[in-house]
2 protein chains.
Amino acid sequence: MSTLTVSDVARESGVSGSAVRFYERQGLITAGRTSGNQRRFGPEAACRVRVARVAQRIGLSVGEIRELLAALPPDPEPADWQALHERLTAEAEQRIRELHAALDDIRSGRKLCEL
Amino acid sequence: MSTLTVSDVARESGVSGSAVRFYERQGLITAGRTSGNQRRFGPEAACRVRVARVAQRIGLSVGEIRELLAALPPDPEPADWQALHERLTAEAEQRIRELHAALDDIRSGRKLCEL
DNA sequence: CTAAAACTGAAACAAATGTTTAAGTCAAGG
DNA sequence: CCTTGACTTAAACATTTGTTTCAGTTTTAG
């Protein structure tokens, strides 16, 4: 059942209305339409937006997040959540490794010019 | 003595010529000019660009890098390098901490929607 | 029924980080 | 000298992640 308006989702997920529309355009969330062409979201929409924000903290782009969320059904089962967790965790660890590598370079004692 | 051309600096620092001009416009490096108005860089320019690339790996913006490099004289003394090392290291550690915080949230066991 | 609040798409704007293109100038080698 | 490759500025373009504005439409509460 799609009952939530743009501003409902915005309020529940903590982003702006324009961001909600943007995310729909980008395929991170999907919406039905009223007879008057207004968007109506299911209750999972706000959740997906929150997941998207978490993924953004990790450094994923909207395109990457779209692919991530593409694997998340409207009504996810525990296995879906688990897969998402693993992918997000792996991404975060990857970025952390990259930063550590940069840090190790900085600390290597070599001149910064020679990195 | 300023003898290096744009493409010299580009080659030595591993960035494109347009990036070298961009960095000069942004104040990361400075250049003299020939009588014919062409840029000529000192030997430290390529080094500064390399430092800038390291800082970018850490996630600093060009504006932040400008401020970082503003504290680096054309012919830096060991203390200058040390200060730069410390600032870069602190920034990297900060970003790593932020990622760890995100990772901890993800692993907290709470639903991703509730972060 | 009506007035206010929320919604619509399209397009312009914004900031960051460069790249590309155009038309023209300079420098270096033979 | 003269050709060729490198240089110049300015502006347009590209991408990302949205925000703002416009003019008009829909929904909702009273």
Side-chain angles (χ1 to χ4, degrees), chain A residues 1-42 45-46 48-69 91 95 102, chain B residues 1-42 45-46 48-70 91 95 98 102:
Chain A
M1 204 181 320
S2 293
T3 58
L4 303 176
T5 65
V6 166
S7 40
D8 289 335
V9 173
R11 190 172 2 81
E12 284 186 31
S13 63
V15 305
S16 67
S18 65
V20 170
R21 293 191 188 91
F22 176 72
Y23 293 150
E24 194 225 10
R25 269 204 307 285
Q26 297 298 316
L28 275 56
I29 50 179
T30 56
R33 295 289 176 143
T34 65
S35 59
N37 195 39
Q38 293 194 1
R39 291 171 186 82
R40 288 297 182 271
F41 297 90
R48 291 173 73 94
V49 172
R50 282 171 174 274
V51 171
R53 303 304 290 200
V54 172
Q56 280 189 324
R57 281 174 71 192
I58 303 302
L60 298 189
S61 70
V62 167
E64 290 168 324
I65 296 171
R66 174 177 37 239
E67 304 196 359
L68 204 65
L69 288 178
E91 287 285 355
R95 315 256 162 176
Chain B
M1 203 184 315
S2 293
T3 58
L4 304 176
T5 65
V6 166
S7 40
D8 289 336
V9 174
R11 188 172 3 83
E12 284 187 30
S13 63
V15 306
S16 67
S18 65
V20 170
R21 293 190 189 92
F22 176 72
Y23 294 151
E24 195 225 11
R25 270 204 309 285
Q26 297 298 315
L28 274 54
I29 51 181
T30 56
R33 294 288 176 144
T34 65
S35 59
N37 195 37
Q38 294 194 357
R39 291 172 186 81
R40 287 298 182 269
F41 297 90
R48 291 174 72 93
V49 172
R50 282 171 174 273
V51 171
R53 302 305 290 200
V54 172
Q56 281 189 324
R57 279 175 71 191
I58 303 302
L60 299 188
S61 70
V62 167
E64 290 168 324
I65 296 170
R66 173 175 40 236
E67 304 196 358
L68 205 65
L69 287 179
E91 288 284 355
R95 315 257 160 177
E98 288 166 6

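Note that these values count all heavy atoms, side chains included, but never hydrogens, waters or copies made by symmetry. Every chain is numbered from 1, with letters handed out A, B, ... down the list of sequences.
One interatomic measurement links the two molecules: CZ of Arg66(B) to P of dG18(C), which rounds to 13 Å at whole-angstrom precision. In this structure, Phe41(A) places its CZ atom 16 Å from P of dA6(C), rounding to the nearest Å. The CD1 atom of Ile29(B) sits 14 Å away from the C1' atom of dG18(C) (whole-angstrom rounding).
At dT8(C), one or more side-chain N or O atoms of Arg39(A) fall inside 4.0 Å of OP1 or OP2 (strictly under the cut-off). Arg21(B) has a side-chain polar atom (N or O) that falls below the 4.0 Å cut-off from OP1 or OP2 of dT8(D).
The residue from Val49(A), Ile65(A), Thr30(A), Leu69(A) that alone fulfils the side-chain contact (heavy atoms from CB on, under 4.5 Å) condition with Tyr23(A) is Val49(A).
In this structure, Arg33(A) and Arg40(A) have side chains that are not in contact, with every pair of non-hydrogen atoms separated by 4.5 Å or more.
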If a protein heavy atom is under 4.0 Å from the base, mark B; if only from the sugar-phosphate, S; if neither, -; do that for nucleotides 10-20 of chain D going 5' to 3'. -------BBSB
Indicate for each nucleotide in nucleotides 21-30 of chain C, in 5' to 3' sequence, whether protein heavy atoms under 4.0 Å reach the base (B), only the sugar-phosphate (S), or nothing (-). -----SS---
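Between the side chain of Arg50(A) and the backbone N or O of Glu12(A) there is at least one donor-acceptor pair closer than 3.5 Å. Under the 3.5 Å distance criterion, the side-chain polar atoms of Thr5(A) are matched with a main-chain donor or acceptor of Asp8(A). Side-chain N or O atoms of Arg66(A) include one that pairs as donor or acceptor with a backbone N or O of Gln26(A) at under 3.5 Å.
In this structure, the helix from dC1(C)-dG30(D) to dG30(C)-dC1(D) shows an angle of 0° between the axis at its start and the axis at its end, each fitted on 5 base pairs and rounded to 10°.
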